Amino acid sequence: MADPKGFLTTGREVAKSRPVDERRHDWNEVYVPGSLLPIISKQAGRCMDCGIPFCHSGCPLGNLIPEWNDYAYREDWTAASERLHATNNFPEFTGRLCPAPCESACVLAINQPAVTIKNVEVSIIDKAWDNGDVVPRPPERLSGKTVAVIGSGPAGLAAAQQLTRAGHTVAVYERADRIGGLLRYGIPEFKMEKSHINRRIEQMRAEGTKFRTETEIGRDIDAAKLRRRYDAVVIAAGATVSRDLPVPGRELNGIHFAMEYLPLANKVQEGDLTVSPITAEGKHVVVIGGGDTGADCVGTAHRQGAASVTQLEIMPRPGEERAPNQPWPTFPMLYKVTSAHEEGGERIYSVSTTHFEGDEDGNVQSLHLTEVEFKDGRPEPKPGTERTIPAQLVTLAMGFTGTDRSNGLVDQFGLELDARGNVARDAEYATNVDGVYVAGDAGRGQSLIVWAIAEGRSAARGVDRYLTGASELHAPIRPTDRSLTV
């Protein structure tokens, strides 16, 4: 146990953010650089090393949280990094982007603020990079087997790294011009600077993983031909079909999916564009969807100089404390104020868009909405609550409905889908096509980054067993496992 009295004597303290007026004018990460290290050892000392650490259950990766908390408390950063990497390929991603279901399941959170697990995690990995503890781990010998991984998001990268280290020759295919998937083009720079992805890619290259960008399986390469070229294939193409809003006026200019809007802003930060073709500058912006992607749109619009930003959510506003029907250790639905929300804008709950109106040139100018109340689980409009708000740029951030079928990947492989439109798989993550496996959102549906990495690691074990007859790779979850919720 780190500090036997830490949970009694030390209060919760989180990473400090830079002032709003400063960070709204740049794209750097919102946190004050180096602010965690002076406080993180004492924060790690709040961990109680529970007899049954429920944080393990909250995290699908099965992270050894009490162990690396203990090492962080003692400032043994090398040992902490080793325990962190034992279950997580990319803790610098999860430490910045994960909503931390582990903290919701922290035993201390029964009656006190949870241990700052996420902050400890990111401190350990940042220190590990600074100290040179993160090095390539190439395999001692090659198996002679080849694997293609389709998609370079967290699931694809985790599967690729695991299989490379097992001795297989792995090539990752990515349809975009850079590796990273949604990490690269879906996550704004202010949430995670892309230098964190770049150095992981260099580590993986040094280990032997090959990367093929601007290559879309199904369009550029026939999926069936790809299968014949490799001994096994892992599909980690994500759930990239955005949920649409089929209401009158949807065809107007200025209404875009979030994943049309966000990547262009990242392209500017990469130096590919001087100005985004879709910009919020001087416009009244409406973001439809109250989740993390919607918050990313809010923060991006602030930095582009929006005249106003309004975020709409059809569900009621969550409470700020656990509801009685969401007991510990489940992941509760709480009112969350992200860094983007701290920067301004209005959030409106329990509303539904009825239609859009445009000008004579076909550009959206306003959005009509109505308040709703739920009856038998379905939203019903409340009479007399209709109103109009200005909207010159609208982003649709209402989630994703499944894997893209328009490129031919699903049909060319001959893959079976489940009732939700995801690629069906068995207990080993294998599809109905021999040698073809699926990991991440393509098989699970829209989920969290920790679930994607866990799926990539688990699918890698299934592929390794398929190729060699046995595997020592870590498989933290089954395809049927779900989040600890009610």
Side-chain angles (χ1 to χ4, degrees), residues 1-3 6 34 36-37 39-50 53 55-98 100 102-103 106 115-141 154 157-167 195-209 449-450 452-454 456-458 460-461 464 471-477:
M1 188 171 183
D3 180 356
L36 277 174
L37 278 180
I39 66 170
I40 208 62
S41 292
K42 291 191 71 173
Q43 289 301 305
R46 298 181 70 235
C47 178
M48 300 186 293
D49 191 19
C50 309
C55 54
H56 289 188
S57 301
C59 177
L61 284 165
N63 282 331
L64 306 173
I65 295 166
E67 295 183 31
W68 42 257
N69 273 332
D70 181 50
Y71 286 123
Y73 172 73
R74 302 176 194 284
E75 298 188 8
D76 187 344
W77 302 110
T78 298
S81 173
E82 186 276 327
R83 300 315 290 151
L84 187 56
H85 281 102
T87 56
N88 187 351
N89 299 70
F90 314 118
E92 65 270 44
F93 302 166
T94 53
R96 287 173 167 83
L97 303 176
C98 181
C102 54
E103 294 187 16
C106 172
V115 175
T116 55
I117 297 170
K118 180 176 173 178
N119 282 180
V120 177
E121 178 181 20
V122 80
S123 299
I124 293 170
I125 184 56
D126 285 354
K127 192 70 173 177
W129 280 107
D130 291 343
N131 292 347
D133 290 332
V134 184
V135 296
R137 292 172 46 200
E140 293 183 0
R141 60 181 180 273
L157 292 179
Q161 186 167 64
Q162 293 293 94
L163 290 167
T164 297
R165 290 175 174 178
S195 58
H196 300 297
I197 304 175
N198 296 339
R199 61 186 180 185
R200 271 298 175 187
I201 299 307
E202 290 310 308
Q203 180 201 31
M204 293 178 66
R205 280 200 174 100
E207 292 172 349
T209 304
I449 183 173
V450 279
I453 295 174
R457 291 173 66 90
S458 300
R461 178 181 173 89
D464 191 33
S471 180
E472 296 182 356
L473 294 179
H474 176 229
I477 59 172

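The structure presented is a predicted model; accordingly, all values stated were derived computationally and were not measured. Along the sequence shown, residues are numbered consecutively beginning with 1.
Here the shortest heavy-atom pairing between R46 and V115 reads NH1-CA, 3.6 Å.
For Q203 (side chain) and V135 (main-chain N/O), a donor-acceptor pair under 3.5 Å exists by modelled atom type. Under the 3.5 Å distance criterion, the side-chain polar atoms of R461 are matched with a main-chain donor or acceptor of S471. A donor-acceptor pair under 3.5 Å is absent between the side-chain atoms of S81 and the main chain of W77, judged by distance alone. The backbone N or O of I477 lies less than 3.5 Å from a partner atom in the side chain of S458, making a donor-acceptor pair.
Inter-residue side-chain proximity for L473 and R457 is flagged as unmet; no heavy-atom pair is nearer than 4.5 Å. Within the 4.5 Å cutoff, no side-chain heavy atoms of M204 are placed close to those of T164. Within the 4.5 Å cutoff, the side chain of L157 has heavy atoms near those of the I201 side chain. In this structure, the side chains of R200 and F93 come closer than 4.5 Å at one or more pairs of heavy atoms. Using a 4.5 Å cut-off on side-chain heavy atoms (C-beta onward), C102 and N63 make no contact.
Electrostatic pairing of D126 and R96 counts as a salt bridge here, judged by a charged N lying under 4.0 Å from a carboxylate O. K118 has no carboxylate O lying under 4.0 Å from a charged side-chain N of E103, or vice versa, which leaves the two without a salt bridge. Classification of E202 and R205 as a salt-bridged pair holds, one side-chain N sitting under 4.0 Å from a carboxylate O.
The distance from atom CG of D464 to atom CD of E472, rounded to the nearest 0.5 Å, is 9.0 Å.
At most 12 heavy atoms of other shown residues, nucleotides or ligands fall within 6.0 angstrom of atom CZ in R137.
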